[in-house]
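Computed from heavy atoms alone, side chains included, the values below leave out hydrogens, waters and symmetry copies. Bear in mind that the values here come from a model prediction, so they are computed numbers and not experimental data.
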Amino acid sequence: HVQLVESGGGSVQAGGSLNLSCAASGYTYTAISMAWFRQAPGKEREGVATITTDGTTSYAESVKGRFTISRDNAKYTLYLQMNGLKEADTAMYYCAAQIWLSREYCLERQERDFDNWGRGTQVTVS
């Protein structure tokens, strides 16, 4: 089981930036595929970005070119740099992790493939 704690959310004006962080513990980090999901009120949870154990990334079309997912294996930390924020990005952002997830499944950004979740951090864009 992997423990995850998100931070870095907040309120920002449209066009602004935020950098989310997710601290992981409980397993060898290099064996864990990581992801950011988000859920807006009244909407389903959406896979925003994922990163495999070898650093390959995948993004939702709505955030490509604006968001960057990265990981620091030495610090057991996942990041999501969000630039050019829009009101449509307003949501609760969740960090997710899965041990020994195949590269193919990780890149599909499906909620069902991740068993470990943080409590979320709120991002509000106005």
Side-chain angles (χ1 to χ4, degrees):
H1 183 68
V2 180
Q3 292 81 44
L4 303 167
V5 179
E6 303 97 334
S7 61
S11 296
V12 64
Q13 291 188 338
S17 299
L18 284 174
N19 189 22
L20 305 184
S21 299
C22 172
S25 63
Y27 204 82
T28 303
Y29 192 63
T30 52
I32 304 171
S33 298
M34 302 292 298
W36 288 101
F37 286 77
R38 68 185 180 186
Q39 188 168 21
K43 294 188 176 181
E44 294 186 353
R45 193 170 293 188
E46 171 191 23
V48 175
T50 57
I51 186 166
T52 66
T53 55
D54 66 3
T56 304
T57 58
S58 173
Y59 295 93
E61 285 296 325
S62 58
V63 306
K64 276 184 180 178
R66 300 188 297 121
F67 291 9
T68 302
I69 188 172
S70 62
R71 61 191 294 164
D72 186 333
N73 290 338
K75 295 182 178 180
Y76 279 49
T77 302
L78 177 73
Y79 302 98
L80 185 68
Q81 177 65 44
M82 305 186 294
N83 299 325
L85 283 162
K86 306 175 180 180
E87 289 188 17
D89 296 318
T90 295
M92 184 71 79
Y93 282 72
Y94 298 91
C95 175
Q98 184 62 29
I99 301 168
W100 298 120
L101 180 65
S102 75
R103 186 173 182 273
E104 176 185 5
Y105 285 147
C106 179
L107 297 178
E108 290 181 351
R109 302 189 310 279
Q110 295 297 314
E111 181 180 358
R112 64 172 182 265
D113 293 322
F114 292 85
D115 290 337
N116 305 277
W117 294 83
R119 293 187 174 184
T121 185
Q122 178 67 38
V123 171
T124 303
V125 185
S126 60

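Across every non-hydrogen atom of Lys75 and Thr77, the tightest pair is O-OG1, 2.8 Å. Looking at every heavy atom in both residues, Ser7 comes nearest to Thr121 through C-OG1, 4.3 Å. The two atoms that bring Trp100 and Tyr27 nearest to each other are NE1-OH, 3.4 Å, heavy atoms only. Residues Gly26 and Gln3 come closest through the heavy atom pair CA-OE1, 3.6 Å. Listed here is the closest heavy atom pair of Gln98 and Asp113: CG-O, 3.2 Å. Heavy-atom minimum distance, Gly120 versus Met92: C-SD, 3.7 Å.
Clustering ILVMFWY residues whenever any of their side-chain heavy atoms sit less than 4.5 angstrom apart, transitively, puts Leu101 in a cluster other than the one holding Met34. Val48 is not connected to Tyr79 by any chain of hydrophobic side-chain contacts under 4.5 Å among Ile, Leu, Val, Met, Phe, Trp and Tyr, and they are in different clusters. Taking hydrophobic clusters as Ile, Leu, Val, Met, Phe, Trp and Tyr residues chained together by side-chain heavy-atom distances below 4.5 Å, Trp36 shares a cluster with Leu18. Cluster membership check: Ile51 shares its hydrophobic cluster with Ile32, using side-chain heavy-atom separations under 4.5 Å among Ile, Leu, Val, Met, Phe, Trp and Tyr.
Residue Asp72 holds its CG atom at 10.5 Å from CG of Leu78, rounded to the nearest 0.5 Å. For the atom pair Ile69 CD1 and Ser58 OG, the distance stands at 9.0 Å (nearest 0.5 Å). Between atom CZ of residue Arg38 and atom CZ of residue Arg45 there is a gap of 13.0 Å, rounded to the nearest 0.5 Å. Thr53 OG1 to Ile99 CD1: the interatomic distance, rounded to the nearest 0.5 Å, is 12.5 Å. Between Phe67 atom CZ and Ser17 atom OG the span is 9.5 Å, to the nearest 0.5 Å. The CZ atom of Arg71 sits 10.5 Å away from atom SG of Cys22, with the distance rounded to the nearest 0.5 Å.
Between His1 and Asn116, the closest side-chain pair of non-hydrogen atoms falls below 4.5 Å. In this structure, Cys95 and Trp117 have side chains that are not in contact, with every pair of non-hydrogen atoms separated by 4.5 Å or more.
Judged purely by atom type and a 3.5 angstrom limit, Thr90 uses its side chain to pair as donor or acceptor with the backbone of Val125. In this structure a side-chain-to-backbone donor-acceptor pair under 3.5 Å is missing from Arg66 to Met82. When atom types are taken as modelled, the side chain of Gln81 and the backbone of Asn19 share no donor-acceptor pair closer than 3.5 angstrom. A donor-acceptor pair is defined here as one N or O able to donate and one able to accept, closer than 3.5 Å; such a pair exists between the side chain of Glu6 and the backbone of Arg119.
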Practice item. Given side-chain contact (heavy atoms from CB on, under 4.5 Å), test Val123 with Leu20 step by step and report yes or no. Key: CA-CA 9 Å; Val123 171; Leu20 305 184; 4.1 Å; yes

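With respect to Phe114, the ring pair (Phe, Tyr, Trp, His ring centres under 6.0 Å) criterion is satisfied by exactly one of Phe37, Tyr105, Tyr94: Phe37.
Side-chain N/O atoms of Arg103 and Thr52 include no donor and acceptor closer than 3.5 Å.
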